[in-house]
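In what follows, a structure is listed as structure tokens, so that the remarks can point back to it.
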Amino acid sequence: MSDTIGMGEPDGGVPAQGELFAAEGTAPAKPHGPVARGAAAAAPPRERAEAGDGAGEGADAGDDGSGSADGDGGDHGGGEDDGGEDAGDGKERNGNAAVRMAKKQREISVSEFFTKNRHLLGFDSPRKALLTAVKEAVDNSLDACEEARIRPELIVEIKKLDGREDAFTVAIEDNGPGIVKQNVPNVFGKLLYGSKFHRLRQSRGQQGIGISAAGMYGQLTTGRPVRVKSKPGKRAKAWEFTIRIDTARNTPVAVEKEIDWEGKDQGTRVEIDMEGEFRRGQKSVGEFLKLVAVANPHAKLSFHDPEGQTVVFEAATKELPKETDEIKPHPHGVELGILMKMLQESQEKLLHLCLQRDFSRVGPKVAKEICDRAKISEKTHPKKVAREQAAALKKAIDATKIMAPPSSCIAPIGEKGILDGLRKEVEADFYVATTRSPVVYRGHPFQIEVGIAYGRPGDTLDVTETGKIFADEEKKKRRKALAEEELLAQADEPARLIRFANRVPLLFQQSACAITKAVIATNWRAYGLTQPRGAIPVGPMVVFVHIASVWVPFTSESKEAIAGYDEILKELKLGLQDCGRKLGTYVRKGKRLASEYQKRNYITTYIPHIGQALRDILALNDRQVEECVSNLTDVLERSRKL
């Protein structure tokens, strides 16, 4: 091997073996015995080791022969050396393989990764892909409108693409603030691009993946680009973009032109062609928009489906959700690596000022206590804090009692908003809602809200002020004709659980969600309901559960289920129990009314016979008999206590 057994000296006149090989075009005989050992001694360390091995094998072989290097044993040594050469060639092949493998290694863009793993983002089936695209666009529109303090009015359109049954054009248009021209290509054509990832305030979107991933899926399945219209203000120009995603570089390739968007003062419209499947019923686009209307009673939604039908979800209130504030990280929610990064990036020159100004709820007294516990000077420069000191600082932070982060960064729906949304979209006899106080998990504030709608209209009896029990037939007439449009379950079916995170409905992975686990763990039998073991209670009921947080702990990138942190499970259970107690009072009252109604039916059955008997005894006329029966009925109804 020319690279391991070189014969030439660096400054001598003898050519190296590689040079001889190149000049003569043939491989020279491989030296062995003492010559090989001498060559190995002159070679570099790695080459010396390999050459020494081959030479050693040759010498040993010679010793095993006639005892002379010049005899047959030498020939045998040469044979053994050929075997050593094969082994060396194997090493060379392994080395070349490593080089070849290294040449094939390259960076993978996030677009390429999610193109092959689109199921992680919710595009794992045609039906779910259509719903996910609508969801991401609606979330972005609602966020933009609320941040600009504009009452949202959204239009969702789904049309068949070129008459195909398995491909659609999805269009979402809003009346929001629009997007400035230079940002449009990145917003819709670059994954992990957005303004919400690094800020701590409640919003529907978090990662900057959703709408660009929907465009990527459309480009993958139909080969067509995303089309976007944007007008950022009444006096601004309107622009139309055609955007493709370069998945190898995760960059947009856009073509733009100025347009005249008639009748539009401001807003954004996005159109995506994609393969999908349109269905009605549960886990459909129609149901998703209905649930959006429940959790966002301030928004107006119009839905035009591929079959030509239009459904409008009117706003139930003109009041927008309260405006949220961005907060700084809470010390109890910061891990060691993040703490070290924040110290290195801090603009402060003193450690105690860094703790006070870069974190929330840390004042001078708390900062001094943390530094004293960590045995670090308050005047230390943050950038000079070593890893061991940072670890001590983290332990000191965990051991220090710090006030919970402010709740101004989250905007719950509120009890009134939940009741307005449920009454608007769910026909029921009883409604109740509760909003828990803000709590913290891993330094992030969150708030749990629970609402319940119970009883199909007219199934529950009512009682008048005079004590008369009756069934309201008018309520029964208001029931919706199509069962798939109803959120309320039947009396013999499991209750309907609707889950929300930052006002966004969660339609998939229900069994893996902490909300479902909390509902199952609640003892609904104590509130008068039937509940199979390890299951959701049975009855005509909708259970509404919402978590509002600056950072919702989803179990995956598709944002379909919430992780079961102990703090979250505890608050969920307390919220469900609070509503459950009020529901139990209503259910028990309804059962008493039903029992009393049945007993009073016995009275009304026999009182006419008493009237006839009085007629025979007292010789009463018909008018007197009717008056007597009516008086007896009123007296008996008033005398019975409910």
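For this chain, numbers begin at 1 and follow the sequence in order. The figures here come from the full heavy-atom set of this structure, side chains too, leaving out hydrogens, waters and symmetry mates.
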[X] versus [Y]: any side-chain heavy-atom pair under 4.5 Å?
X    : Y    : result
I158 : V134 : yes
K128 : L131 : no
F188 : T268 : yes
V184 : I243 : yes
Y454 : L529 : yes

Charged N to carboxylate O below 4.0 Å: is that the case for [X] and [Y]?
X    : Y    : answer
K416 : D420 : yes
E146 : R503 : no
R127 : E277 : no
R164 : E275 : yes

Roughly how far, to the nearest 0.5 Å, is [atom2] of [Y] from [atom1] of [X]?
X    : Y    : atom1 : atom2 : value
E153 : E314 : CD    : CD    : 9.0 Å
K424 : K290 : NZ    : NZ    : 8.0 Å
I448 : I568 : CD1   : CD1   : 6.5 Å

Worksheet item: Are any side-chain N or O atoms of T324 and backbone N or O atoms of A411, one a donor and one an acceptor, separated by less than 3.5 Å?
Response: no
Worksheet item: Just by distance, do the side chain of T585 and the backbone of R581 share a donor-acceptor pair under 3.5 Å?
Response: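 Yes, T585 side chain to R581 backbone: donor-acceptor pair under 3.5 Å.
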Worksheet item: Quick one: do the H330 and S360 side chains pair a donor with an acceptor below 3.5 Å?
Response: no
Practice prompt. Return the set of residues passing ring pair (Phe, Tyr, Trp, His ring centres under 6.0 Å) with F168 (not counting sequence neighbours), or none when no residue passes.
Written response: none
Worksheet item: Hey, which of D139, N140, N296 is the one that makes side chain to side chain donor-acceptor pair (under 3.5 Å) with R204?
Response: N296
Item to complete: Identify which one of K229, R224, K159, R227 satisfies the side chain to side chain donor-acceptor pair (under 3.5 Å) criterion when paired with E271.
Response: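 Per the side chain to side chain donor-acceptor pair (under 3.5 Å) rule, the option paired with E271 is R227, out of K229, R224, K159, R227.
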Worksheet entry | Test log, rule side chain to side chain contact (heavy atoms under 4.5 Å, CB included), inputs V228 and E240 | CA-CA 6 Å; V228 181; E240 184 176 30; over 6 Å; no
Item to complete: Mark yes or no: K231 above the aromatic ring of W261, with NZ or CZ under 6.0 Å from the six-membered ring centre and no more than 45 degrees from the axis.
Response: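 Relative to the ring axis of W261, which defines the angle, K231 lies outside at least one limit.
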